[in-house]
Each structure stands twice: as structure tokens, then as C-alpha cells.
Colleague: 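Here you go, one structure.
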There are 2 protein chains.
Amino acid sequence: MSQMQSVEKQLRQMILGLEIGPGEKLTERWIESRFGASRTPVRAALLRLETEGLVGRDGRGWTVSPINLAELEQIAVYREAVEVAALHLTCALTDRSAVDVIEAMLDSCDTDTPREEWHRIGMDFHIELARLSGNEFLFRAVRDAMTRLSRARWLEVRDEAALARAWAEHRAILAAARLGDADEAARLLSVHIVGSRDRLVTSLANDRRGLRARGFAVIAA
Amino acid sequence: MSQMQSVEKQLRQMILGLEIGPGEKLTERWIESRFGASRTPVRAALLRLETEGLVGRDGRGWTVSPINLAELEQIAVYREAVEVAALHLTCALTDRSAVDVIEAMLDSCDTDTPREEWHRIGMDFHIELARLSGNEFLFRAVRDAMTRLSRARWLEVRDEAALARAWAEHRAILAAARLGDADEAARLLSVHIVGSRDRLVTSLANDRRGLRARGFAVIAA
DNA sequence: GATGCCACTTTGGTATCCCAAAACGGTATC
DNA sequence: GATACCGTTTTGGGATACCAAAGTGGCATC
């Protein structure tokens, strides 16, 4: 793997894993020494992460994107549009057996499963469901949206009740999709996305003080 | 403006204007000498254009993305999802007077207007309409989708009848939006997008031979 | 004439150097 | 103690040097 890909991957992982806090300043030289690469691949990685919305410009320098509650709300609307469209396509397929694979993903989580797994699979559910549509653009849109939501979702995953609820909703969506009931599946998906957004924004707004205390920049809605 | 932005802008313009043909090979050294910049800004520009889908990797090197009919069809589905969602938001606004500005854009085109203007305004109609929604993600999705469609649309703009039809459909969409009739506006928009896609793919499939003769790579649906 | 092979060239990936501008820090001044 | 000023350091943007690998062309061979 090229250095550029390596730096990009590791830096993304650190940002998404909150090892580098939202709002934190980044310098190309720090990344360079941290990962043992020269500035050329570092700059390439930063340019990519910028288009993903994970880092941004702060004047002349670089900053890890803050958690932005207004942005989270807009992403939910965006997700609703693209995920519902993808789900309609999937329900129109004659062979919808692939939903079983996604159901198996959900099943693989139990009480012994670490938080990181719940977090990842909660996102992959939506991403893989979108992939089934066969539309590359809808798929990428969902994947990119989930990436942007990833950091904020670390909070939701700490709430057992919210997690159980999300999994139940995921299963209901799959059940409707398996039957080919596009309208019902889409309705359930919309409710799920809007509900998740509300719970997420509410708990973030409540925890805002705590997040700030951890040095995380949080921008209000 | 930085060299990077300058190179990116000029290269994008050359690609979108078909001055560099779809499928053509690019070397960093050629771009470097063509625009009088060093490889650093050239590289940054290529990385950006790659995320826009205008250039891609061909093994180790760079290639101007070919015209891909299958991709055009998928983009239409994606556009339909995001543009309809944006239009619903716009129709829900209490102040929809901004649609008049968009109508004025359409009015500015007459028989004396050069093809380039029709082409640009035909895209801006959709982009600006999405911007009215106030949702940054829907807006960017539409803008990026139109960018990807831009090159293929050069063909449609040569067809007077198609142009007149598109403009009439644009006006009908605005009329429904002005009244706040979201469902009717969305229906008209869907019909417009699907119809445009069909006409575009059909004429591209027909002209495929001619395009190939001009050295343009065209990938079938 | 077709084909395999080798030397040379070109190319993207990387490291490093230079520069102007911005950020920082210390000091003198009020 | 606050503040304005100036020299130093740091930083991102750009240019260039170097390298390994892929590509190219010509020559020898069959």
C-alpha cells in the first residue's frame, strides 16, 4: 500500500475514533512525523479527508472538523432521501435474498459484542442496504453520510436502550424489504432515520458541556 | 488565487469543455508544462478532480473519465432522489420568492444566446433550485451530479427541440413550486429528469460512433 | 516477417529544499 | 499590568531532486 493510502487510512481512523478531537488543529509536520511519511503523501491524504468533510481549513492551516449539530440535522434529511430511494430499488429486485446477509450482520451482535462492533455494524447496516440497490451513487452517498455521522454516533452507542431500539427498527425494515413491500419498508426507514437524528441531536445537545470538557469543539444547531 | 486552485479550475474547464477528450491519458508532466505550475499543485488538482469523477486512475497513470452511459443512468436516479427531496423542502418554505430569480435565469436565454449559456443555465437551474432548499448536502449532491453530467449534456444542447422542451418543463416546475404544490412540482421534476435521461442516453448511444471518431471514449450502458 | 529480449526513457511516488506569510514570544513603553 | 511593536520561529504552498517501476523502441534471433 502506498504511503498516501496508509497515511489517509490511519489519520481517518484516528479522527473517527476521536483519538484526535473535533476542532483540534493539525499541522502537516506533525502528521509527517507521527506516521513517518514525508509531506507529499501527507498533503494528499489531507486533501482527500477534506473532501470527506473530516478535516477542514482554518485560515491557512488544517483543523479536524468540529461536531456540528446543524450539519447532523441536514445529513439526516439527505440520508432519508438517498436511503429511501435505494431501498425502493432494492425492493423492486426479483432476488432480494441478499437481505439475509445483512440480517446475519445484525444477528452477530450480542451482549458480549464490544461497543466498537455495534458502532460499526450499525453503520454498515445502512451502507450495505444501500449497496444492494446496485446504484453506485446512492451507495456512495450513504457511505459518505455515515462516515460524517460516525463520530457523533459514538454517543448513541453508549445507550443500551437506543441500541436495542435501533436494532429492532433495522430488523423491521429488513422484514418489509424481504416481502418486497417498498412503501412500508421506506416508511419504517424514514421513521428510523428521523428518530435516530432526534435522539442523537438531543443527547449531543445535553452532553455538549461534557464534550467541550474533553476538548471537543461542538457547534450548536 | 493559489496555483493549485488555478490549475484545478483550468483543467476542469478543459475537461468539461471537451478540450481534453473523455478517455484521454494525462501525465502530471504535461499538465505541469501546460499550465506553468510545478507538480505539487498539479498533483493536488488531480486529487480533487478525481473525487469529482472527472479524472480517474488508469493503472499507475491518470485518465480523463470516459463518458459512461451506465453511469449516466445511475446519476439520473440519484438526481431524482436528491432533487425531489430538495424541492419538497423548498415548497415548504413560507418565502418562495427566490424562485423568481431562477425564472429570470431561464428568461435570459433567447435565440441570440450562445450554446454555452444555454448549457450552463440548464445546469444552474437545477443547482440553484437545490440551493433554495437550504440543505447544504442536497445542494452539493445536485451540483456534483450536474458536473458529472455536464460533458454528456453538450449533445442535448445541440437539439433545439429538446432545449425548448426542457425550458418548458423547467417553467412548469417553477410554477408549481411557486404555488407551494410540492407533490405536483416533484412529479414534474421526476418526469423531467427521467425524460432528459432517456433522450440523453438515446442520442449518445446513436452518436456513439461519431464520438468515438472524435477520439472520445464512450462506455456502453 | 514475427517474436523475444534488453537498454533506455518516461512516469508517478516520495523526500527534501526554499520561500513568503502568519503565528508566536519577548521586550520596551505607557 | 496591559499593550504595542519587532525579531524569531513555524507553517503551508511551491519547486525540485531522486527512485523504482512501467512503458517504449530497436535490435538480434528464429
Side-chain angles (χ1 to χ4, degrees), chain A residues 1-16 19-66 68 212 215-217 219, chain B residues 1-16 19-66 68 212 215-217 219:
Chain A
M1 183 185 297
S2 71
Q3 300 249 36
M4 188 219 120
Q5 291 170 315
S6 171
V7 170
E8 179 189 341
K9 199 168 158 184
Q10 293 182 72
L11 191 54
R12 183 190 293 110
Q13 195 174 341
M14 286 187 74
I15 293 172
L16 292 180
E19 293 177 61
I20 314 179
E24 218 166 298
K25 295 268 191 297
L26 288 175
T27 68
E28 296 181 357
R29 259 92 176 185
W30 179 83
I31 301 169
E32 184 182 6
S33 66
R34 177 68 176 71
F35 298 113
S38 75
R39 285 180 68 204
T40 307
V42 167
R43 297 190 63 185
L46 283 169
L47 284 172
R48 295 225 129 146
L49 294 176
E50 185 186 15
T51 70
E52 287 184 46
L54 297 184
V55 303
R57 306 256 171 183
D58 169 48
R60 211 169 57 119
W62 299 95
T63 303
V64 177
S65 300
N68 185 329
R212 290 261 167 103
F216 294 170
I219 297 176
Chain B
M1 183 187 300
S2 70
Q3 300 238 36
M4 188 219 120
Q5 291 171 316
S6 171
V7 171
E8 180 189 342
K9 200 168 157 185
Q10 293 181 73
L11 191 54
R12 184 190 294 109
Q13 195 174 340
M14 287 187 73
I15 292 172
L16 292 181
E19 294 177 59
I20 314 179
E24 216 164 299
K25 294 268 191 295
L26 287 174
T27 68
E28 296 182 356
R29 260 92 174 184
W30 179 83
I31 301 168
E32 184 182 7
S33 66
R34 178 68 175 72
F35 298 113
S38 77
R39 285 181 67 203
T40 307
V42 166
R43 222 152 205 297
L46 282 169
L47 284 171
R48 294 228 134 143
L49 295 176
E50 186 186 14
T51 70
E52 288 183 47
L54 297 185
V55 303
R57 305 260 171 180
D58 168 49
R60 210 169 60 117
W62 299 95
T63 302
V64 177
S65 300
N68 185 328
R212 290 261 167 105
F216 296 168
I219 298 176

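Chain A is the first sequence line, chain B the second, and so forth, proteins listed ahead of strands; every chain is numbered from 1. Here the structure is a predicted model, which is why all the values come from computation and not from measurement.
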Colleague: With rounding to the nearest 0.5 angstrom, report the OG1 to CD distance, A:Thr51 to B:Glu50.
Modeller: 9.5 Å

Colleague: Give me the first and last nucleotide of DNA chain C, going 5' to 3', that has any atom under 4.0 Å from a heavy atom of chain B.
Modeller: C:dT11 to C:dT14

Colleague: When the side chains of residues 38-45 of chain B are checked against the rest of the protein, which donor-acceptor pairs come out under 3.5 Å, sequence neighbours left out?
Modeller:
unit_1  : atom_1 : unit_2  : atom_2 : d
B:Arg39 : NE     : B:Glu28 : OE1    : 3.1
B:Arg39 : NH2    : B:Glu28 : OE1    : 2.8

Colleague: Return the angle between end axes of the helix from C:dG1-D:dC30 to C:dC30-D:dG1, with five pairs used per end and rounding to 10°.
Modeller: 0°

Colleague: Is B:Glu52 salt-bridged to B:Arg48, going by a charged N under 4.0 Å from an acidic O?
Modeller: no

Colleague: Sugar-phosphate means primed atoms, P, OP1 and OP2; the rest is base. With that split, encode nucleotides 7-16 of chain D 5' to 3' as B, S or - using protein heavy atoms under 4.0 Å.
Modeller: ----BBBBBB

Colleague: Tell me every residue that passes side chain to side chain donor-acceptor pair (under 3.5 Å) with A:Lys25, counting only those two or more places apart in sequence or in another chain.
Modeller: A:Asp58

Colleague: Output the distance between atom CZ (B:Phe35) and atom CH2 (B:Trp30), rounded to the nearest 0.5 Å.
Modeller: 5.5 Å

Colleague: Between the side chains of A:Gln5 and A:Ser2, does any donor sit under 3.5 Å from an acceptor?
Modeller: yes

Colleague: Side-chain contact, heavy-atom cut-off 4.5 Å: B:Leu11 with B:Ile20?
Modeller: yes

Colleague: Tell me, do A:Val7 and A:Leu46 make a side-chain contact under 4.5 Å, heavy atoms counted?
Modeller: no

Colleague: Can you tell if the side chain of B:Leu54 reaches within under 4.5 Å of the side chain of B:Val64, non-hydrogen atoms only?
Modeller: no

Colleague: List the residues meeting side-chain contact (heavy atoms from CB on, under 4.5 Å) with A:Gln13, not counting sequence neighbours, and say none if there are none.
Modeller: none

